[in-house]
Amino acid sequence: IIRQMGLVRPVDLETRGIPRAQLYRLVRKGLVARQARGIYVASQHPYTTEHTLAQVAKRVPAGAICLLTALRFHGLTTQAPAEVWIALPEKARKPRLDTPRLRVARFSGAALSEGIETHRLEGVEVRVYSAAKTVADCFKYRNKVGIDVVVEALRDFSRRPRGGATELARFAGI
């Protein structure tokens with residue numbers, strides 16, 4: 001079951017009838033590995049380049065991947081952010097994760113809820129803002145991400161075969 005689910009939390013297994021004690025026995029036997037606090041994987045789990053995104057999505061299900069991390073996910077930047085950027089509501093508590101490091105951007109209203117795509121990475125549903133929404137958000141947060149990153153993202157986005165100027169304008173209005 002753990003191999004099929006990818007990254008799991010103990011509560012995910014309890015809903016399927018597997019008690020925590022069984023999970024801990026599997027960890028002691030070496031069949032399951034503890035990745036981070038509350039995150040477990042099968043010992044021969046195939047890692048992808050988006051493994052950290054799956055970890056964050058599992059630990060912070062209300063968050064959405066945004067800004068530099070979303071640009072990297074969509075292939076719109078050459079930057080490799082040291083932190084995972086997530087969007088949370090203005091009043092939400094900042095999550096405490098030991099690994100990976102998080103950078104929280106606060107969004108509200110339509111800016112928080114519009115433009116979210118769901119991708120399945122390593123068996124986990126990961127919420128990522130669309131490419132057009134990400135480029136528009138980078139303009140809004142240009143002081144945090146850097147104007148050179150914003151210009152690079154806009155240039156790469158405009159070169160995409162499907163265009164998307166209408167979608168970009170809609171998200172810029174929001």
Side-chain angles (χ1 to χ4, degrees), residues 2 5-15 20 23 27 32-42 45-154 156-157 171 174:
I2 295 172
M5 293 176 70
L7 294 167
V8 297
R9 299 182 76 187
V11 71
D12 299 335
L13 296 175
E14 286 176 344
T15 60
R20 288 177 192 242
L23 173 65
V27 170
V32 173
R34 181 179 184 257
Q35 285 288 299
R37 184 173 172 248
I39 301 289
Y40 297 87
V41 295
H45 178 72
Y47 294 101
T48 64
T49 56
E50 290 91 12
H51 181 71
T52 55
L53 301 183
Q55 275 187 328
V56 169
K58 201 65 165 169
R59 298 276 311 272
V60 189
I65 305 300
C66 68
L67 297 171
L68 287 179
T69 308
L71 284 178
R72 183 71 174 185
F73 180 80
H74 292 295
L76 296 175
T77 187
T78 56
Q79 303 285 325
E83 304 147 324
V84 175
W85 289 68
I86 62 167
L88 289 175
E90 288 180 328
K91 307 257 180 183
R93 183 178 54 87
K94 183 179 178 187
R96 284 191 226 143
L97 276 79
D98 44 354
T99 181
R101 290 190 340 221
L102 292 182
R103 183 90 181 256
V104 176
R106 302 294 178 167
F107 288 55
S108 64
L112 178 67
S113 60
E114 294 290 320
I116 295 178
E117 301 172 343
T118 304
H119 298 271
R120 192 151 189 86
L121 305 173
E122 296 189 22
V124 178
E125 297 283 325
V126 179
R127 295 164 23 113
V128 181
Y129 284 109
S130 70
K133 170 79 162 86
T134 301
V135 172
D137 287 342
C138 284
F139 272 98
K140 181 179 178 181
Y141 289 94
R142 64 187 170 275
N143 292 334
K144 287 187 179 187
V145 299
I147 194 69
D148 54 334
V149 173
V150 176
V151 171
E152 178 189 20
L154 182 61
D156 290 347
F157 181 76
F171 288 123
I174 292 174

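Given the structure is predicted, the values throughout are model-derived calculations rather than measurements.
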Task: Y40/L23 under side-chain contact (heavy atoms from CB on, under 4.5 Å): CA gap, chis, key distance, verdict - done: CA-CA 9 Å; Y40 297 87; L23 173 65; 3.8 Å; yes

Open item on the list: Is there a side-chain contact (heavy atoms from CB on, under 4.5 Å) between E83 and L68? Walk through the geometry before answering.
Closed with: CA-CA 9 Å; E83 304 147 324; L68 287 179; over 6 Å; no

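Heavy atoms only, all atoms of each residue included: S130 and E117 are closest at CB-OE2, 3.3 Å. Residue A153 comes nearest to V135 through the heavy atom pair O-CG2, 4.2 Å, listed as atom of the first residue, atom of the second, then distance. Across all their heavy atoms, A111 and K133 have their closest contact at O-NZ, 2.8 Å.
Salt-bridge annotation for R120 and E125: present, with a side-chain N of the basic residue lying under 4.0 Å from a carboxylate O of the acidic one.
L76 places none of its side-chain heavy atoms less than 4.5 Å from the side chain of C138. Residues T134 and V128 form no side-chain contact, since every pair of their non-hydrogen atoms from C-beta on lies 4.5 Å or further apart. In this structure, the side chains of L88 and R106 come closer than 4.5 Å at one or more pairs of heavy atoms. Contact annotation: the side chain of R9 approaches that of I39 to within less than 4.5 Å [non-hydrogen atoms, C-beta and beyond].
The salt bridge (charged side-chain N to carboxylate O under 4.0 Å, His left out) pairs that include a residue from residues 143-154 number zero, where partners must be two or more places apart or lie in different chains. Pairs passing the salt bridge (charged side-chain N to carboxylate O under 4.0 Å, His left out) check and including a residue from residues 66-79, sequence neighbours excluded, do not occur.
Going from atom CD1 of I174 over to atom CG of L112 covers 11.5 Å, rounded to the nearest 0.5 Å.
Of the possible donor and acceptor atoms, one in the side chain of T69 sits under 3.5 Å from a partner among the backbone N and O of W85. Proximity of a side-chain donor or acceptor of H74 to a complementary backbone N or O of Y129 within less than 3.5 Å is detected.
The aromatic ring centroids of F171 and F139 lie 6.0 Å or more from each other.
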Can you give me every donor-acceptor pair (side chain of residues 51-67, partner residue at least two apart or in another chain, under 3.5 Å) with its distance?
| residue | atom | partner | partner atom | Å |
| --- | --- | --- | --- | --- |
| H51 | ND1 | E122 | OE1 | 2.7 |
| H51 | ND1 | E122 | OE2 | 3.2 |
| H51 | NE2 | Q35 | OE1 | 3.0 |
| K58 | NZ | D12 | OD2 | 2.8 |
| R59 | NE | R37 | O | 3.3 |
| R59 | NH1 | R37 | O | 3.1 |

